[in-house]
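Written out below as structure tokens is the structure these notes cover.
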Amino acid sequence: QVQLVESGGGLVQAGGSLRLSCAASKSIFSRNAMGWYRQAPGKQRELVAAITSGGSTTYANSVKGRFTISRDNAKNTVSLQMNSLKPEDTAVYYCAALIGGTPYWGQGTQVTVSS
């Protein structure tokens, strides 16, 4: 069973920063790509950023230059540093393990950015 535990969501004003973290088991973390997705009300869940087991990253165009995804191999965690936050970043953010091309989700954490 895939188990992912997210933390770090909250309320922040536009221009502020938040850091999200996701803890995974060592076996899952070491063998699979990890990602952060988000889903705003009335919108589809979308990929925000992903990182492979080898450290290669990809980002949605809307967050390039503002968000950074990283892996901590010692702690088996993946993080998303979010800077220069905008109201349109408001969403539930989900950590995901990408296993065989299929995402397995954490419980989600709310990020709200006020104007």
Side-chain angles (χ1 to χ4, degrees):
Q1 186 177 10
V2 176
Q3 188 169 11
L4 304 169
V5 180
E6 298 123 319
S7 62
L11 174 64
V12 66
Q13 289 190 337
S17 298
L18 285 173
R19 185 176 179 87
L20 307 182
S21 295
C22 172
S25 70
K26 184 177 181 179
S27 61
I28 292 172
F29 185 86
S30 64
R31 296 199 300 264
N32 299 283
M34 303 291 292
W36 286 97
Y37 290 70
R38 67 187 181 188
Q39 188 166 24
K43 303 291 186 179
Q44 289 187 322
R45 190 171 298 185
E46 64 175 348
L47 176 67
V48 176
I51 186 166
T52 68
S53 60
S56 297
T57 60
T58 187
Y59 297 91
N61 287 334
S62 60
V63 307
K64 286 181 179 177
R66 299 189 297 120
F67 292 10
T68 303
I69 189 170
S70 61
R71 303 176 74 113
D72 187 326
N73 293 327
K75 297 181 178 180
N76 299 317
T77 59
V78 60
S79 298
L80 185 69
Q81 179 66 46
M82 304 185 293
N83 298 326
S84 301
L85 283 161
K86 304 174 181 179
E88 52 262 44
D89 295 319
T90 295
V92 177
Y93 283 70
Y94 297 89
C95 180
L98 305 174
I99 303 173
T102 300
Y104 292 82
W105 313 105
Q107 82 284 359
T109 185
Q110 177 71 46
V111 172
T112 302
V113 184
S114 62
S115 300

Could you check whether any side-chain heavy atom of [X] comes within less than 4.5 Å of a side-chain heavy atom of [Y], counting everything from C-beta outward?
| X | Y | result |
| --- | --- | --- |
| Gln13 | Pro87 | no |
| Val12 | Thr112 | no |
| Glu6 | Ser21 | no |
| Asp89 | Arg66 | yes |
| Leu4 | Met34 | yes |
| Cys22 | Val5 | no |
| Arg38 | Glu46 | yes |
| Leu85 | Leu18 | yes |

Taking all atoms of both residues into account, what is the closest heavy-atom pair of Gln110 and Ala91, and its distance? NE2-O, 3.4 Å
Give the cluster check for Tyr104 versus Phe29: same hydrophobic cluster or not, with ILVMFWY residues linked at side-chain heavy-atom distances below 4.5 Å. yes
Taking a hydrophobic cluster as the set of Ile, Leu, Val, Met, Phe, Trp and Tyr residues connected by side-chain heavy atoms closer than 4.5 Å, whether directly or through intermediates, do Tyr93 and Val2 fall within one such cluster? yes
Could you go through Thr77 and Asp72, starting from their C-alpha distance and side-chain angles, then the distance that decides it, and tell me whether this counts as side chain to side chain donor-acceptor pair (under 3.5 Å)? CA-CA 5 Å; Thr77 59; Asp72 187 326; 4.6 Å; no
With a cut-off of 6.0 Å (strictly less than), are more than 12 heavy atoms of other residues, nucleotides or ligands near CD of Gln3? no
Spacing of [atom1] belonging to [X] relative to [atom2] belonging to [Y], to within rounding of 0.5 Å:
| X | Y | atom1 | atom2 | value |
| --- | --- | --- | --- | --- |
| Ile28 | Ile99 | CD1 | CD1 | 5.5 Å |
| Ser70 | Arg19 | OG | CZ | 4.5 Å |
| Trp36 | Met82 | CH2 | CE | 8.0 Å |

Does [Y] offer a backbone N or O that forms a donor-acceptor pair with the side chain of [X] under 3.5 Å?
| X | Y | result |
| --- | --- | --- |
| Arg71 | Ile51 | yes |
| Ser30 | Lys26 | yes |
| Tyr59 | Ile69 | yes |
| Gln81 | Phe67 | no |

Decide whether a cation-pi geometry holds between Arg45 and Tyr94; the criteria are a distance under 6.0 Å from NZ or CZ to the six-membered ring centre and an angle within 45° of the ring axis. yes
Test side-chain contact (heavy atoms from CB on, under 4.5 Å) applied to Val111 and Leu11, Leu20, Leu80, Thr90, the passing residue: Leu20
Check for me whether the distance between the ring centres of Trp105 and Tyr37 falls short of 6.0 Å. yes
